[in-house]
Amino acid sequence: MPRTRISSATAPVTVPAASPVAVSRPRRLLRALAVVSCVPYIGLKTAWVAGSRAGIPDGSVLLDHRVQTAVANGLSLLMDSAVIVLALVLTRPWGLRTPAWLLAFPVWAATGLLAPIMAGFPLQLLARLAGGGSGTAGSGEPFLEEWVFGIVYTGFILQGLALGALFVLYARGRWGHLWRGRVWELPAGNVGAAQRALAGAAALLALFPLTARLSWVGGGTAGLSEGRAAERGSDFYVLEVVYIGFLAAAVAGGLMLAFRWGRKLPMAVPLGLTWVGSAAVACWGGWMSVASIGAVDDIADQPTALMHLTYSGQMVVGILVAAIVAHHFAERSAGATRRAA
């Protein structure tokens with residue numbers, strides 16, 4: 001099958017006769033799954049914006065901040081609607097004309113927001129089945145009815161699986177030449193002082209959020225708000241382990257790319273680690289930082305300075321590692337263009 005060659009990071013791409021995004025039956029099914037799995041979340045958010053209290057129990061903190069909640073619901077509604085747009089871009093021939101940067105960023109962000117849920121929610125359910133308490137029993141009125149999490153998170157997992165599969169198929173057809181080979185085959189020009197500096201800075205900065213989260217997993221309460229420390233249960237510990245895993249993946253992938261560690265590994269391994277890891281820690285670090293600002297009235301539940309630093313630290317780590325990935329693709333794309341000229 002003829003492959004599309006990228007002439008620059010932003011230049012339009014000419015669709016070849018045999019398009020890499022030809023709508024085959026599997027792609028149609030994946031697209032349909034991505035769209036349908038958005039329905040529960042979009043439906044609930046639309047209802048809440050319209051004033052419905054479906055799934056919101058009496059006494060929920062959401063009822064105390066109606067304006068902020070409405071704004072947040074509107075924004076998250078738009079974010080999930082973007083999944084439908086991405087599913088169309090990834091499965092239609094005109095999607096190949098989308099500039100690389102304009103497609104890569106929303107897919108990277110979607111990866112970051114969905115990956116921790118895809119990993120964490122099933123593990124939380126397994127932990128509960130094994131006898132672990134969720135940790136919310138003593139926290140007063142619940143935030144949302146339990147069925148809401150089940151429906152919404154199941155939808156998120158299906159979105160992540162469908163969108164991830166579609167993006168891999170799309171990227172293999174459009175940019176597959178940029179991750180071929182093994183780490184040791186990486187051209188010398190792709191590994192420079194800037195990448196090594198970014199990887200070193202990311203590894204150094206990651207020590208803070210890693211240490212804090214490891215301490216919390218081990219039972220420590222230093223830096224946790226009183227409310228958060230009192231509500232700890234299996235859900236809390238599972239999520240902390242998940243965040244630690246994504247931080248480790250981001251740093252390991254960045255070091256592998258910058259210093260050619262794991263020389264015999266396929267390039268897809270460090271690229272996958274950096275893509276998913278950087279997106280997860282950056283997006284969730286940023287989300288938790290924003291969501292925690294003025295979100296609660298009870299001082300015992302307000303995030304401490306150390307919690308804010310942990311969220312901000314992992315966000316910075318994710319951005320630094322993402323810069324390594326962007327540099328890698330830009331260099332390999334430029335190299336491919338020079339060879340074709």
Side-chain angles (χ1 to χ4, degrees), residues 61 108-109 111-124 126-127 132-136 138-139 143 197-256 258 273-324:
V61 67
W108 178 81
T111 300
L113 292 173
L114 292 173
I117 295 174
M118 295 172 67
F121 187 59
L123 290 176
Q124 287 178 331
L126 289 174
S134 66
T136 59
S139 58
F143 179 64
L198 288 172
L204 185 62
L205 289 173
L207 292 176
F208 182 81
L210 277 173
T211 301
R213 293 194 181 279
L214 284 170
S215 171
W216 298 337
V217 168
T221 59
L224 282 177
S225 62
E226 293 180 16
R228 193 64 172 145
E231 296 170 9
R232 287 183 300 173
S234 63
D235 286 359
F236 171 86
Y237 290 111
V238 165
L239 283 180
E240 291 303 314
V241 171
V242 167
Y243 291 138
I244 289 170
F246 282 116
L247 267 168
V251 171
L255 291 173
M256 291 168 67
L273 289 173
T274 50
W275 179 274
V276 179
S278 68
V281 298
C283 292
W284 273 95
W287 180 263
M288 289 187 292
S289 294
V290 172
S292 62
I293 298 175
V296 291
D297 296 323
D298 190 345
I299 192 171
D301 291 329
Q302 291 179 357
T304 64
L306 190 141
M307 292 172 69
H308 280 298
L309 287 174
T310 299
Y311 303 153
S312 301
Q314 73 178 51
M315 180 175 62
V316 173
V317 169
I319 292 173
L320 291 176
V321 175
I324 297 174

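As a basis for the values below, the full set of heavy atoms in this structure was taken, side chains included, without hydrogen atoms, waters or symmetry mates.
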State, to 0.1 Å, how close Thr310 and Ala212 come at their nearest heavy-atom pair, and which atoms those are.
OG1-CB, 3.6 Å

Less than 4.5 Å apart, any side-chain heavy atom of Phe236 and any of Arg228?
yes

What distance separates Leu247 CG from Phe208 CZ, expressed to the nearest 0.5 Å?
12.0 Å

Inter-residue atom distance Gln314.CD - Ile319.CD1, 0.5 Å rounding
11.0 Å

Give every residue pair that meets the side-chain hydrogen bond (donor to acceptor under 3.5 Å, both in side chains) criterion with at least one member in residues 277-287, sequence neighbours excluded.
Trp108-Ser278

Least distance between heavy atoms, Gly313 atom then Pro209 atom:
C-CG, 4.3 Å

I want to check something: taking the side chain as every heavy atom from C-beta on, are Gln302 and Ser225 in contact at a cut-off of under 4.5 Å?
no

Measure across Ile244 and Leu214 and return the closest heavy-atom pair with its distance rounded to 0.1 Å.
CD1-CD2, 3.6 Å

Scanning both residues in full, the closest heavy-atom pair of Gly219 with Tyr237 reads CA-OH, 4.4 Å

I need the full list of side-chain hydrogen bond (donor to acceptor under 3.5 Å, both in side chains) pairs touching residues 238-249, with sequence neighbours left out, sorted by first then second residue.
Arg213-Glu240

OG/Ser234 to CG/Leu123 distance, rounded to the nearest 0.5 angstrom?
10.5 Å

Atom pair CE (Met315) and CG (Leu205), whose distance is rounded to the nearest 0.5 Å:
12.0 Å

Which atom names give the shortest non-hydrogen contact between Gly254 and Thr274, and what distance separates them?
N-CG2, 3.1 Å

Contacts satisfying salt bridge (charged side-chain N to carboxylate O under 4.0 Å, His left out) that involve residues 277-292 (not counting sequence neighbours) are none

Show the nearest heavy-atom pair for residues Gln124 and Leu239, with the distance to one decimal.
NE2-CG, 3.4 Å

